[in-house]
Number of protein chains: 2
Amino acid sequence: MTTTRRPTRQQSAVIDALGSTQDFTSAQDLHAQLRESGEKVGLATVYRTLSTLADSGDVDVLRTGEGEAVYRKCSTGHHHHLLCRVCGRTVEVEGPTVERWTDAVAAEHGFTDVAHTLEIVGTCSSCR
Amino acid sequence: MTTTRRPTRQQSAVIDALGSTQDFTSAQDLHAQLRESGEKVGLATVYRTLSTLADSGDVDVLRTGEGEAVYRKCSTGHHHHLLCRVCGRTVEVEGPTVERWTDAVAAEHGFTDVAHTLEIVGTCSSCR
DNA sequence: GGCAGCGTGAGAATGATTGTCAAAACAGCA
DNA sequence: TGCTGTTTTGACAATCATTCTCACGCTGCC
């Protein structure tokens with residue numbers, strides 16, 4: 001993967017399937033979905049494509065309470081997730097405060113090219 | 001589990017081990033740690049104890065990026081890590097700002113029993 | 001002592017994810 | 001168009017955390 005290549009049929013299928021919903025979807029579900037719609041894509045390929053996309057920041061990844069990785073297309077803007085530990089519901093939140101703080105702290109310690117991940121887990125009002 | 005019972009030796013060992021650090025610790029690590037310190041506790045028991053504690057809300061659980069469950073004794077005052085992506089050096093940082101912000105955001109969305117993870121990755125001054 | 005009930009632990013089972021490797025698809029070139 | 005080296009794919013095996021199973025031992029009670 002030295003250069004940017006045109007996505008293959010399988011990769012496009014994965015991306016399309018992911019784009020067809022707003023929800024977080026697991027690799028397994030995505031694979032089953034592709035199967036049903038007639039696309040022949042191997043499970044390993046689904047995983048490979050997803051992790052590549054995740055690496056390049058084109059999709060969001062997080063873990064459900066059961067430890068399953070779930071993915072969602074969401075390219076615009078950097079944001080964080082508020083996750084319910086009971087029902088798995090997620091809320092997207094933005095935090096200029098945090099962005100500024102992390103940058104400041106990193107700079108203070110001489111770090112550059114800073115990236116960060118922040119995940120908030122709690123119990124949502126309906127699962128109380 | 002109809003009545004509250006006195007914790008067994010094994011359960012106490014797990015609780016103590018968990019209490020001996022501020023960090024989130026995986027069940028596997030906890031088990032290894034107990035082994036090293038001479039406590040004979042089965043892995044299954046570590047898992048059982050941890051999930052019981054988690055259920056009763058005595059510990060926080062969340063998932064690492066690798067899908068490992070990590071546990072921490074519920075308390076305030078923890079820190080985050082600033083990680084150099086080149087040399088792997090880590091710096092511990094504290095952030096009342098972030099703590100306050102996450103709590104506020106969570107509350108705003110009706111979330112309770114909030115925990116969070118924040119990791120900052122960058123390039124440190126010597127690896128520039 | 002003897003019995004009942006629960007916690008324990010070794011190892012098997014499970015399920016998601018990753019690794020392996022031969023075959024297929026593809027790009028560039030003659 | 002046919003050839004060749006490279007990349008991607010996919011069936012399957014391997015891995016790893018976690019959960020399940022079930023015989024065994026401990027504790028309290030008669």
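Naming convention: chains lettered A, B, ... in sequence-line order (proteins, then strands); numbering from 1 in each chain.
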Beyond-backbone contact of B:Val93 with A:His109, side-chain heavy atoms, under 4.5 angstrom: yes

Distance flag, aromatic centroids of A:His116 and A:His80, threshold under 6.0 Å: yes

List, one per line, each side-chain donor-acceptor pair under 3.5 Å for residues 24-32 of chain A, sequence neighbours excluded.
from: A:Thr25; atom 1: OG1; to: A:Asp23; atom 2: O; distance (Å): 3.3
from: A:Ser26; atom 1: OG; to: A:Asp29; atom 2: N; distance (Å): 3.1
from: A:Gln28; atom 1: NE2; to: A:Tyr47; atom 2: OH; distance (Å): 2.8
from: A:His31; atom 1: NE2; to: A:Val41; atom 2: O; distance (Å): 3.1

Whole-Å gap separating C1' (D:dG10) and CD (A:Gln11): 14 Å

Within-4.5 Å side-chain heavy-atom neighbours: A:Ile120 and A:Leu83: no

Under 4.0 angstrom between A:Thr45 side-chain N/O and D:dG10 OP1 or OP2: yes

Cluster link B:Val70 to B:Leu50, ILVMFWY, side chain under 4.5 Å: no

Sequence-distant partners of B:Thr45, side chain to side chain donor-acceptor pair (under 3.5 Å), two or more places apart: B:Arg48

N/O (side chain, A:Gln10) to phosphate O (OP1/OP2, D:dG10) under 4.0 Å: yes

Nearest heavy-atom neighbours spanning A:Ala17 and A:Leu34: CB-CD2, 3.9 Å

Any A:Thr8 side-chain nitrogen or oxygen under 4.0 Å from OP1 or OP2 of D:dT9: yes

Sequence-distant partners of B:Ser56, side chain to side chain donor-acceptor pair (under 3.5 Å), two or more places apart: B:Asp58

Length of the CD-P vector between B:Glu66 and D:dT15, whole Å: 18 Å

B:Arg9 CZ - C:dG9 C1' separation (whole Å): 11 Å

Heavy-atom protein contacts under 4.0 Å, nucleotides 17-22 of chain C, coded B base, S sugar-phosphate only, - none: BBBB--

d(NE2, A:His31; C1', C:dG15) in whole Å: 15 Å

Within residues 34-42 of chain A, residues whose heavy atoms come under 4.0 Å of DNA chain D: A:Arg35, A:Lys40, A:Val41, A:Gly42

Set of residues satisfying side chain to side chain donor-acceptor pair (under 3.5 Å) with respect to A:Thr112, sequence neighbours excluded: B:Arg128

d(CG, B:Leu50; P, C:dG7) in whole Å: 16 Å

